[in-house]
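Worth knowing before you read on, the calculation uses all heavy atoms, side chains too, and leaves out hydrogens, waters and symmetry mates. Numbered from 1 within each chain, the chains take letters A, B, ... in sequence-line order.
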Protein chains: 4
Amino acid sequence: MSRAAGPSATDDDRPLVISVPHPRSLALILTDARRRQLFDSYQVVECEPGGLAALPDPVLAAARYIIGQPPIDAATLERLQSLRCIFNVESNLIDNMPYPTLFERGIHVVTTGAVFAQPVAELGLAMALDLARGVSTAARAFREGREAWGGDGNQGARLIGGSEIGLIGFGDLGRALHRLLTGFGVTIRVFDPWVPDAILRGHGVVPATLEEVMAESDTVFTVAAVTSENQAFIGAAQFAAMRAGASFVLLSRADVVDFDALMAAVRSKHIQAASDVFPEEPLAPDHPVRTLDGFLCSAHRAGALDVAFKRMGDMVLDDMDLMDRGLPPMLCKRAERETVARMRSRPVTTN
Amino acid sequence: MSRAAGPSATDDDRPLVISVPHPRSLALILTDARRRQLFDSYQVVECEPGGLAALPDPVLAAARYIIGQPPIDAATLERLQSLRCIFNVESNLIDNMPYPTLFERGIHVVTTGAVFAQPVAELGLAMALDLARGVSTAARAFREGREAWGGDGNQGARLIGGSEIGLIGFGDLGRALHRLLTGFGVTIRVFDPWVPDAILRGHGVVPATLEEVMAESDTVFTVAAVTSENQAFIGAAQFAAMRAGASFVLLSRADVVDFDALMAAVRSKHIQAASDVFPEEPLAPDHPVRTLDGFLCSAHRAGALDVAFKRMGDMVLDDMDLMDRGLPPMLCKRAERETVARMRSRPVTTN
Amino acid sequence: MSRAAGPSATDDDRPLVISVPHPRSLALILTDARRRQLFDSYQVVECEPGGLAALPDPVLAAARYIIGQPPIDAATLERLQSLRCIFNVESNLIDNMPYPTLFERGIHVVTTGAVFAQPVAELGLAMALDLARGVSTAARAFREGREAWGGDGNQGARLIGGSEIGLIGFGDLGRALHRLLTGFGVTIRVFDPWVPDAILRGHGVVPATLEEVMAESDTVFTVAAVTSENQAFIGAAQFAAMRAGASFVLLSRADVVDFDALMAAVRSKHIQAASDVFPEEPLAPDHPVRTLDGFLCSAHRAGALDVAFKRMGDMVLDDMDLMDRGLPPMLCKRAERETVARMRSRPVTTN
Amino acid sequence: MSRAAGPSATDDDRPLVISVPHPRSLALILTDARRRQLFDSYQVVECEPGGLAALPDPVLAAARYIIGQPPIDAATLERLQSLRCIFNVESNLIDNMPYPTLFERGIHVVTTGAVFAQPVAELGLAMALDLARGVSTAARAFREGREAWGGDGNQGARLIGGSEIGLIGFGDLGRALHRLLTGFGVTIRVFDPWVPDAILRGHGVVPATLEEVMAESDTVFTVAAVTSENQAFIGAAQFAAMRAGASFVLLSRADVVDFDALMAAVRSKHIQAASDVFPEEPLAPDHPVRTLDGFLCSAHRAGALDVAFKRMGDMVLDDMDLMDRGLPPMLCKRAERETVARMRSRPVTTN
């Protein structure tokens, strides 16, 4: 269970890390250099998700960090007297540990989901540009010898530059999209009831209602995570309120929209759409969205880039270094007492 | 030939414009509002490209502006005593008028090709993002029920953010691309022998040789117009020098590359490519690039957006207004005594 | 003690706020509109710093927020069963409440010191520009009829644009300075042992050692708060290592530098300096820094702008609104379990 | 008159430059490296302003460039058969050469005044910040032991960040100011009748009338050169229309304002002002502006920095290199047929 370099060397005064990164692996989240850094700077005890309680007392007593989110019962947590931080590298918070006690004891539970913001935002922009210019549709026509040349191929084509953009949600992903759009000279309206207007204005975006975002945008990016409160809050009425020919790009969770209504709005040619997420994944082979013209599909590929996973490891090691020096973590995002229950209710996160 | 509101009204003291916008039309380049502005503020004489010499002397003598590039012989030019500017809305300069005399007399010949920079740059970025993330390839697979989900679908996927970008050419189009990339945190190297290093540095890009651009970029955008000097200057050696897995995006003219060598480099899986221009247009139905995996094709659609054409008319009217007030044109780009011959050698413009 | 609109109305179900903003006042930190908002949305009980324990049980039991940092003993905290947040509007954390219990109970203690970042940064830039161009020195000479005209008055003058900048510290203030310098095309090196390199790089600045910052900058801004660890860590050796003619701008705390060594470095003409903070405040009338040429003095005026104080109130009310909705505070900065002791050691804040 | 390395070596095929940079000198405008480059790459004939006509025919016939603006009569110009460009390094265009012939022959006359934009803009921002925060006034008080500490010293202090800025003029200098203000989050209104709205909007500033700029700005920067048309176009009415407490910063020419009205507006405490230019220079020792509180004075020092002069030489050499290769100049600004007369009427320019 433990490596040779592990804690058996009783005079090893390096801090102890319990590694349970399932469903990720250390190989996924660490570059070679970072892996060496981990094993050089720390005693690392690797264990299986279910194996935590079975670790010897000295290991649990010494453990400063846990990488992963193994189930932890109250008794085991009691034995983890040196624990400073649990690095949840899966991003979703499962309700499998006594959060109130963790908060009381000041043990950080942090997530690394922010690494997905940049890759998801880039795919989102790629999709918006694709819809605006018909890139993939025209590429398919070209492949099949049906292409239209020059202006003939640009019916309905439009620019993102100078257009009006709507963001539903302004977390890490919304902010990454905002950053990518810096050079486009766009107006950005944001609907996010969790983010105060002062913060939105500080970022140079316009606070707006959902209605304003839907009605006054050429492209709407949906980047809000689903909670119990916002199931399918974007439906037929919202799509009908969109500008004719506008684009709806769905990047977070299929559950925030009425997916059938979205397909209907595209089928009627009122709007175009792109989505990386679907009501069921994988999707049925005969699902009608597959061949719906004006609907660009991506098979939940937005975030899962190798470079994103490797950045997880970077963040974990950088935050360990801060906590080793008596400082709070700065790279990973902390679970908050107020919102952890809400975050736990998310079956899968955007990021 | 002339409209009712034309110069027959001898007491009309509005400046006179001869309109010969062929192959464009006033309807293409003017919004309704701009069209009204033109006809309200000016006497407009519309004529066919070959009809200029046949216009009555008073019309020629009074003409302050010509929209279009009709053939003009020396004798006709002599009759155009009030001429201040020829607005070439086609963008290419054809050798059909006595340029030396135009320069001597200080008559501006200006082009409106800058309107294409933004649409071409946006398509270029769309293509680069498509190659980096496999958007159109994955969309086709999804349509056909062959999609790979999540990380399985991201083999070779990479970010543009934080990557190294090469630009071959730094005219309007290169600058537009640079602007679009503002929010991506990229390093941009530029090879453009016509632009002094001080100007490149002033824009925040790194002056570089062609070799450096090819060898040190994750994505190369080719945005240089072809001249007699740079036919096929990017060939097999240059593609071989690129990073494995890098992207080559061709936006200006097919003639600047050895197209066969480009296809070979893609076929060998060394690089990916995207192109909006081709050695022959339209392309033969059986041209092998059509089905070449890793090569994204667009049928010369990058610039020809309605919004771009309408901006031409905006520029023409804004510059007329400046010249009416005794100022030089500022929106359109002037043909230069030094480079007009070189620009004329371009069979087609970058747009 | 309590207003008429206060908690005597037993059927008042508005959340209860205890207001003890000393040494600030509600009038200082709230605009009229914000004051109305506070008193409309909340029951407000105003009390003196020493009067908290004497408040009736129902008030303490109902209090959701405290504005200010009155002394709180363990017994009183026990009575504050609904408390969610203490808004410290003074910015310094005094050791006058049981922080461990606050952390255990998950009661936020937050500070509003971030409001000072923008005004201090603007004064810092003003001082750097003043030293670079001799603004105030030349203005005094002009007043006294001793001015030198044109280039004669520009001995030693230099640009900030394109120069190399060093920041010692990269908290709110360092980031505000970085933002103000966006348009100057400068290279910025940062020394901040509390901020990981990845975060610095993410902001587009260069992580550096103290030695590099001192030796390779044309202007050094010192924006680090003093802690027990960094008393006078910038002294004669550091000043000697600076570039001849460079500027040292001190914005945070006089204690981080050896002030005599700084004066000596200026007196020797090796560097120029500006400071908003001094070893003793107010400063002795005959202190030699007052008339030291090349040393620009400001009497701790950098942060204390009315607009900054009013922003405190904005932040407090926005964060109350978030917490009323079950969300964590986002505008104010939280005291952290790890660093609160260190923050408490600061006799005066950066701002 | 000519250097040893001059054109006497008849087999020297380096292009020939006539150097008459008066009132500048080559030493002023060239770094050592650039001076070497000039003398290595070109035959350089140095002469006095009045000495051009007396140069030997072969020198005049071979001269490709003139650095300076010596008087040139028609006969001498006729002898300058290889001339491509006159580099006016003084910036003002004096009416001492046959401009119409120069334009006909396509000989460029270019100016290097753009080098002053950055230094003048930096001083302008320094002055605006000084007025907003009372930097120099407080420094003088501190020197004299009369300083007010903390908030007591901040009566009337305000931020530039987030404020409304007006620019009168949007040439090189206005654009440099706009760039410096990038990080301040300001709204910028511009009045410049010579610049079309489309160009202003393209820069992200708001086209405005003079009335709007005066009435809706917290700080007005006057960066317009004086022409015969705009003498004293900003007077008592305009100053009265400004916001109470606003700042007026004069950077271009004293003649564009009614200077007495400006002083009166400051004396009445309605506005504050700063100026780098004055109705008479040098100014009378007893001129009342010297001791006028709220009026910050600088003795025409804004542009004349050594680094600016050295950039002149950089531009000259870079443009020579372009023209040697058959390209038009790109760094220096060309005199325009339409505006040269107007530019000549400017007795002195800002830039």
Side-chain angles (χ1 to χ4, degrees), chain C residues 118-119 121-123 125-130 132-145 147-154 157-162 176 178-185 281-283 285-286 289-291 296-309, chain D residues 118-119 121-123 125-130 132-145 147-154 157-162 176 178-185 281-283 285-286 289-291 296-309:
Chain C
Q118 180 73 16
E122 289 199 13
L123 187 71
L125 179 58
M127 288 174 136
L129 285 164
D130 186 295
R133 304 299 289 278
V135 177
S136 57
T137 303
R140 190 155 51 86
F142 201 100
R143 192 174 182 93
E144 298 169 2
E147 78 278 8
W149 288 83
D152 295 341
N154 278 333
R158 55 193 176 74
L159 299 179
I160 301 294
H178 174 222
R179 210 160 39 237
L180 290 187
L181 289 165
T182 308
F184 283 76
E281 298 182 2
L283 202 66
D286 59 350
V289 76
R290 293 182 180 277
T291 53
L296 176 65
C297 296
S298 168
H300 210 131
R301 303 162 57 244
L305 267 67
D306 185 62
V307 66
F309 292 119
Chain D
Q118 180 74 16
E122 290 199 13
L123 188 71
L125 179 58
M127 288 173 135
L129 285 164
D130 187 295
R133 304 299 290 278
V135 177
S136 57
T137 302
R140 191 155 50 87
F142 201 101
R143 192 173 183 95
E144 298 168 2
E147 78 277 9
W149 288 82
D152 295 341
N154 278 332
R158 56 193 176 76
L159 299 179
I160 300 294
H178 175 221
R179 209 160 41 237
L180 291 187
L181 288 165
T182 308
F184 282 77
E281 299 183 2
L283 202 66
D286 58 351
V289 77
R290 292 182 179 276
T291 53
L296 176 65
C297 295
S298 168
H300 210 132
R301 304 162 57 243
L305 267 69
D306 184 61
V307 67
F309 292 119

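With respect to chain C, the highest number of heavy-atom pairs below 4.5 Å among D/Gly151, D/Ala128, D/Gly161 belongs to D/Gly161. Highest contact tally toward chain C, considering only D/Gly134, D/Gly162, D/Gly185, is held by D/Gly134 [criterion: heavy-atom pairs under 4.5 Å]. Looking only at heavy-atom pairs under 4.5 Å with chain D, the residue among C/Val289, C/Asp286, C/Val135, C/Ile160 that has the most is C/Ile160. Counting heavy-atom pairs under 4.5 Å between each of D/Ala308, D/Gly145, D/Ser298, D/Ala304 and chain C puts D/Ala304 at the top. Ranked by non-hydrogen atom pairs under 4.5 Å with chain C, the options D/Ser136, D/Ala176, D/Gly153 are led by D/Gly153. Of all the listed residues (D/Asp130, D/Leu123, D/Val307), the one sharing the greatest number of non-hydrogen pairs under 4.5 Å with chain C is D/Leu123. With chain C as partner, the option from D/Ala141, D/Pro282, D/Ala302 having the largest number of non-hydrogen pairs under 4.5 angstrom is D/Pro282.
Inter-residue side-chain proximity for D/Leu296 and C/Phe142 is flagged as unmet; no heavy-atom pair is nearer than 4.5 Å. Side-chain contact between D/Leu129 and C/Glu122: present, with at least one pair of heavy atoms (C-beta onward) separated by less than 4.5 Å. Counting heavy atoms from C-beta on, the side chains of D/Leu159 and C/Pro119 come closer than 4.5 Å.
Salt bridge D/Glu147/C/Arg301: absent, no basic N to carboxylate O contact under 4.0 Å.
Taking the side-chain contact (heavy atoms from CB on, under 4.5 Å) definition, one finds that C/Arg140 meets it with C/Glu144, C/Arg146, C/Asp293, D/Arg140, D/Arg143, sequence neighbours left out.
Rounding to the nearest 0.5 angstrom, the gap separating the CG atom in C/Leu180 from the CG atom in D/Leu181 is 10.0 Å. Atoms CG and CZ, from C/Asn154 and D/Phe309 in turn, are 8.5 Å apart once rounded to the nearest 0.5 Å.
For D/Thr291, the parts lying under 4.5 angstrom from a heavy atom of chain C are both the backbone and the side chain. When heavy atoms are compared at a cutoff of 4.5 Å, C/Ala148 approaches chain D solely by way of its backbone atoms N, CA, C and O. In this structure, no portion of C/Pro285 lies under 4.5 Å from any heavy atom of chain D.
The two residues D/Gly183 and C/Thr182 make their nearest non-hydrogen contact at CA-OG1, 3.9 Å. Looking at every heavy atom in both residues, C/Trp149 comes nearest to D/Leu283 through CZ2-N, 3.3 Å.
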